[in-house]
Amino acid sequence: MLQGKTALVTGSTSGIGLGIAKALAKQGAHIVLNGFGDFAGPKAEIAALGVKVAYHGADMSKASDIESMMKFAADTFGQVDILVNNAGIQHVAKIEDFPVERWDAIIAINLSSAFHATRLALPAMKAANWGRIINIASIHGLVGSAEKSAYVAAKHGVVGLTKVTALENATTGVTCNAICPGWVLTPLVQKQVDAKAVAMGLSNEEAKKVLLQEKEPSMQFTTPEELGELAVFFCSAAGNNVRGAAWNMDGGWTAQ
Ligand code: NAD
């Protein structure tokens with residue numbers, strides 16, 4: 001379905017980003033990976049799906065790095081047809097104890113990076129009259145949780161940015177939507193499981209159960225593979241007129 005298209009997925013060396021990159025590659029899209037840590041492994045996994053894959057190590061907290069990455073993608077593959085703004089970090093603390101540096105980093109990586117990548121991707125998408133911008137927000141783009149001020153503020157901002165991007169391009173073939181996952185068992189969430197296990201004297205399995213019980217009626221983690229399939233849907237012809245949605249995949253979290 002996506003043969004001849006190029007998808008750039010930020011923060012795709014791990015977790016949800018890697019799951020989405022693989023799902024898009026399975027549909028034939030060439031992939032630009034980004035993120036920290038080991039990238040050779042993820043690159044090989046994508047290449048094994050029979051598409052071209054490139055990697056750029058831009059730090060998504062830096063506008064100049066994002067500019068270099070977008071230029072690299074255009075130079076390598078012609079243009080970016082599908083942009084998945086996924087890179088994100090978390091920090092958990094009460095507002096009065098929240099380190100100012102963590103606030104700034106979360107707003108930069110989880111929110112401002114999506115603005116920068118979007119503004120740089122739009123001209124070529126509009127010229128081609130086809131494009132997909134998929135913002136990985138969170139259920140925390142729709143509701144709050146204590147001790148996650150920066151994350152919740154950034155994710156609500158991402159949902160707002162999604163709506164404006166969709167509206168400004170509503171008469172074109174460029175759509176923009178947000179995905180709002182509940183708990184997904186990636187390194188980002190495992191850290192929160194570990195903290196709970198230590199604080200409550202629980203095993204890893206018990207701490208996972210407590211985490212799910214607090215918020216997610218299904219008692220199941222959403223998987224990167226499921227989120228990848230939702231991204232594929234947004235890229236399909238059936239998604240042509242899905243614009244500005246904030247689509248939850250949250251095991252019933254926000255239905256309560
Ligand atoms: P993860 O920690 O597994 O992956 C995060 C990715 O972002 C990694 O590839 C990491 O290298 C990259 N990254 C971090 N800082 C970066 C920076 N400055 N520049 C470039 N890349 C950077 O986490 P994940 O759970 O897969 O999270 C991916 C996205 O999904 C995030 O935006 C997160 O907020 C969102 N999300 C996660 C969950 C969940 O339960 N895991 C739920 C809702 C939303």
Side-chain angles (χ1 to χ4, degrees), residues 8-23 31-43 45-46 55-70 84-92 101-102 104-114 116-117 134-145 148 150-159 161-162 178-194 196 208 211-212 214-216 218 220-228 230-231 246-251 253-254:
L8 185 153
V9 186
T10 70
S12 47
T13 49
S14 164
I16 294 170
L18 181 56
I20 291 177
K22 281 194 214 163
I31 304 290
V32 181
L33 292 172
N34 156 261
F36 296 152
D38 168 47
F39 64 86
K43 220 177 150 185
E45 284 184 55
I46 302 277
Y55 167 81
H56 193 282
D59 178 342
M60 297 304 288
S61 68
K62 296 187 176 138
S64 56
D65 275 25
I66 299 170
E67 281 168 20
S68 306
M69 177 183 72
M70 296 305 289
V84 183
N85 288 309
N86 167 79
I89 57 169
Q90 176 63 286
H91 187 83
V92 181
E101 164 278 319
R102 285 289 85 194
D104 289 343
I106 289 176
I107 298 299
I109 296 165
N110 295 19
L111 175 59
S112 302
S113 74
H116 290 301
I134 302 172
N135 293 327
I136 308 308
S138 165
I139 222 57
H140 286 117
L142 304 173
V143 297
S145 287
K148 294 186 176 174
Y151 189 86
V152 170
K155 295 300 187 178
H156 274 67
V158 167
V159 170
L161 174 67
T162 302
I179 296 181
C180 299
W183 292 125
V184 186
L185 194 57
T186 64
L188 183 142
V189 162
Q190 186 59 49
K191 272 191 213 156
Q192 296 172 64
V193 173
D194 294 344
K196 211 168 262 305
K208 280 198 248 174
L211 199 85
L212 287 167
E214 281 171 0
K215 304 279 189 185
E216 204 149 318
S218 67
Q220 276 175 43
F221 290 99
T222 300
T223 65
E225 291 74 22
E226 288 162 350
L227 293 162
L230 181 53
W247 195 307
N248 47 307
M249 227 190 214
D250 67 350
W253 185 323
T254 48

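FYI, the numbering just counts along the sequence from 1. Indexing begins at 1, ligand by ligand and atom by atom, following the structure's order.
- Within the 4.5 Å cutoff, the side chain of Ile89 has heavy atoms near those of the Ile106 side chain.
- Ile136 places none of its side-chain heavy atoms less than 4.5 Å from the side chain of Leu227.
- Comparing Ser61, Ser113, Ala87 against atom 13 (N) of ligand 1, the shortest heavy-atom distance belongs to Ala87.
- In terms of polar-atom proximity, defined here as any N/O pair under 3.5 Å, Val184 does make such a contact with ligand 1.
- Contact annotation: for Cys180 versus ligand 1, there are no heavy atoms closer than 4.0 Å.
- Residue contacts with ligand 1 for Leu188 involve both N, CA, C or O and side-chain atoms from C-beta outward (heavy atoms, distance under 4.0 Å).
- Residue contacts with ligand 1, taken as heavy atom pairs separated by less than 4.0 Å, involve Ala137 solely via the backbone atoms N, CA, C and O.
- For Pro187, the closest heavy-atom approach to ligand 1 falls below 4.0 Å.
- In this structure, Glu216 contributes its side chain and Gly182 its backbone to no donor-acceptor pair below 3.5 Å.
- In summary, the atoms of ligand 1 found under 4.0 Å from a heavy atom of Ile109, numbered by their order in the structure, are 18 (N).
- Atoms of ligand 1 found under 4.0 Å from any heavy atom of Ile89, numbered from 1 in the order shown, are 14 (C), 15 (N).
- Contacts of Ile139 with ligand 1, taken as heavy-atom pairs under 4.0 Å, are absent altogether.
- Residue contacts with ligand 1 include Asn34, since one or more of its heavy atoms lies under 4.0 Å from the ligand.
- In terms of heavy atoms, Asn34 sits closest to Met60 at OD1-CG, 3.7 Å.
- The shortest separation from a heavy atom of Ala108 to ligand 1 is not under 4.0 Å, leaving the residue out of contact.
- Below 30°, between 30° and 60°, or above 60°: for Phe39 and Tyr55 the angle between ring planes is below 30°, a parallel geometry.
- Taking every non-hydrogen atom of Gly35 and a distance limit under 4.0 Å, the qualifying atoms of ligand 1 come out as 11 (O), 21 (N).
- For ligand 1, the atoms sitting less than 4.0 Å from at least one non-hydrogen atom of Met60 are 17 (C), 18 (N), 19 (N), 20 (C), numbered in the order shown with element in parentheses.
- The NZ atom of Lys43 sits 8.0 Å away from the CG atom of Leu33 when rounded to the nearest 0.5 Å.
- Looking at residues two or more places apart in sequence or on another chain, you find a salt bridge (charged side-chain N to carboxylate O under 4.0 Å, His left out) between Lys22 and Glu45.
- Between Ala231 and Ile179, the closest heavy-atom pair is N-CD1, 4.1 Å.
- Atom 9 (O) of ligand 1 has Thr13 OG1, 2.7 Å as its closest protein atom, hydrogens excluded (heavy atom only).
- When heavy-atom distances to ligand 1 are checked against a 4.0 Å cut-off, His140 has no atom that comes that close, whether in backbone or side chain.
- Distances from atom 28 (C) of ligand 1 to the heavy atoms of Asn86, Asn248, Ile179, Leu111 put Asn86 nearest.
- Within the listing of ligand 1, atoms 17 (C), 18 (N), 19 (N) sit less than 4.0 angstrom from a heavy atom of Asp59.
- Nearest to atom 5 (C) of ligand 1 among the protein's heavy atoms is Gly88 O, 3.8 Å.
- Atom CG of Asp250 sits about 9.5 Å away from atom OG of Ser138, to the nearest 0.5 Å.
- For atom 24 (P) of ligand 1, the nearest non-hydrogen atom of the protein is Thr186 OG1, 3.4 Å.
- Contact annotation: for Tyr151 versus ligand 1, heavy atoms closer than 4.0 Å belong to the side chain alone.
- Partners of Asp59 under the salt bridge (charged side-chain N to carboxylate O under 4.0 Å, His left out) rule, at least two apart in sequence or in another chain, are Lys62.
- Of all the atoms in ligand 1, the ones that sit under 4.0 Å from a non-hydrogen atom of Val189 are 39 (C), 40 (O), 41 (N).
- Backbone and side-chain nitrogen or oxygen atoms of Ile16 are examined, and one is located within less than 3.5 angstrom of a nitrogen or oxygen of ligand 1.
- The closest approach between Lys62 and ligand 1 stays at or above 4.0 Å for every heavy atom of the residue.
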